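The structure presented is a predicted model; accordingly, all values stated were derived computationally and were not measured. Quick note: residue numbers are just sequence positions, from 1.
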Amino acid sequence: MLVVAALGGNALLRRGEPLTAGAQRENVRVAARSLAAIVRAGHRLVVTHGNGPQVGLLALQGAAYKPDEAYPLDVLGAETEGMIGYMIEQELENALDHAHPVATLLTQVVVDRRDPAFEKPSKFVGPVYERSEAETRAKAAGWSIAADGDKWRRVVASPKPVEIPDFKTIKLLLDHGVIVVCTGGGGIPVVRCDDGSLTGIEAVIDKDAASALLARQLGADALLLLTDIDAVYRDFGREGATSVPLLTTKEARTFAAPAGSMGPKVVAGADFADAGGFTGIGRLEDAIAILDGSAGTRISRSLE
């Protein structure tokens, strides 16, 4: 099978962990073992990943610059693609004993500059704060903020991905047997100008939506949305919550899931599964079991 495996930000940096290179490296090393198992099982692999904590960290570092000298989110997105992609590439090569070629590709993803998401920021980036500190930072920096569980974080515009212009390059690498790490953090957000040229825009694209678009374009057999939760849950966060092993795409589109975390995964999973493959959602360490249907939540057009 051709598998697109999307690593959630919480799979690469656990909640509450410091945003250090060492912590990220150790989590990537663990992730690489699960990804290597997919390859050893005979499957072709494309890896995507989140970047919310990392792009938020770079944005905080940018506060050291004068306001008109700080780097915009598209440039910071490119930086995080290189940083995280480098770690995944290296640790995956190590986990596979350098028997398979791995390449990281900085990936542009086109969005519509008229997307209503630009008027309603919703994508979490950066570290978590207590509400009082978040409000103080937001006032000083002009941020939008929102609750993320019992903490607060910065939120930015998250427009829908509509095109991956680097698709042909990804396909070329796959056709030559390369494991590709791409579309990191949802890709670098760009818009297409009237003359056909591309230019960056201030946004962060949802990684799951971009991964689903990529998987559809590649004609992948499976999309794995890997995180730190073992499955999709009905009544998540409440007493008596139960895991859901199977969802049809129709059920997934009306499923009540937390908007800031599992909700986008369920919707993106349905978008991909409607194209003919299946989506698996669950823990990173269960990747192989999710592929064979013995763990996680599977989304497909029917329950057969």
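The environment of Asp194 atom CG is sparse: at most 12 non-hydrogen atoms of other residues, nucleotides or ligands sit within 6.0 angstrom. The environment of NE2 in His98 is crowded: more than 12 heavy-atom neighbours from other residues, nucleotides or ligands sit within 6.0 Å. Atom CZ of Phe236 has 12 or fewer heavy atoms from other residues, nucleotides or ligands within 6.0 Å.
Under the 3.5 Å distance criterion, the side-chain polar atoms of Arg298 are matched with a main-chain donor or acceptor of Leu291. With Glu89 contributing its side chain and Thr104 its backbone, the two residues share a donor-acceptor pair below 3.5 Å. Checking side-chain atoms of Asn27 against main-chain N and O of Ala23 turns up a donor-acceptor pair under 3.5 Å. The closest donor-acceptor contact from the side chain of Asp148 to the backbone of Arg153 lies at 3.5 Å or more, if one exists at all. A donor-acceptor contact shorter than 3.5 Å is absent between the side chain of Thr183 and the backbone of Gly186. Proximity of a side-chain donor or acceptor of Thr297 to a complementary backbone N or O of Pro245 within less than 3.5 Å is not detected. The closest donor-acceptor contact from the side chain of Glu202 to the backbone of Leu73 lies under 3.5 Å.
In the hydrophobic cluster analysis, where Ile, Leu, Val, Met, Phe, Trp and Tyr join through side-chain heavy atoms closer than 4.5 angstrom, Ile288 is grouped apart from Val30. Clustering ILVMFWY residues whenever any of their side-chain heavy atoms sit less than 4.5 angstrom apart, transitively, puts Ile38 in the very cluster that holds Met1. Cluster annotation: Leu105 and Val190 are assigned to distinct hydrophobic clusters (Ile/Leu/Val/Met/Phe/Trp/Tyr, side-chain heavy-atom contacts under 4.5 Å, transitive). Note: the hydrophobic cluster containing Val39 also contains Met87 (ILVMFWY, side chain heavy atoms under 4.5 Å, direct or indirect links). Hydrophobic clustering of Ile, Leu, Val, Met, Phe, Trp and Tyr side chains at less than 4.5 Å, counting indirect connections, keeps Val267 apart from Val155.
With respect to Arg192 and Glu163, a salt bridge is recorded, a charged nitrogen being found less than 4.0 Å from a carboxylate O. Using a cutoff of 4.0 Å between basic side-chain nitrogens and carboxylate oxygens, Asp208 and Lys265 are scored as salt-bridged. The existence of a salt bridge linking Arg137 and Glu133 is confirmed by a sub-4.0 Å separation between a basic side-chain nitrogen and an acidic carboxylate oxygen. For the pair Arg25 and Glu91, the salt-bridge criterion is met [side-chain N within less than 4.0 Å of a carboxylate O].
With values rounded to the nearest 0.5 angstrom, Ile188 atom CD1 is found 10.0 Å from Asn51 atom CG. For the atom pair Glu135 CD and Tyr129 OH, the distance stands at 13.5 Å (nearest 0.5 Å).
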Full working for salt bridge (Lys or Arg N to Asp or Glu O under 4.0 Å) between Asp115 and Lys160: CA-CA 7 Å; Asp115 192 305; Lys160 180 180 178 180; over 6 Å; no
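Between Gln24 and Met83, some side-chain heavy-atom pair lies under the 4.5 Å cut-off.
Considering all non-hydrogen atoms of both residues, Asp206 and Pro264 come closest at OD1-CB, 3.8 Å.
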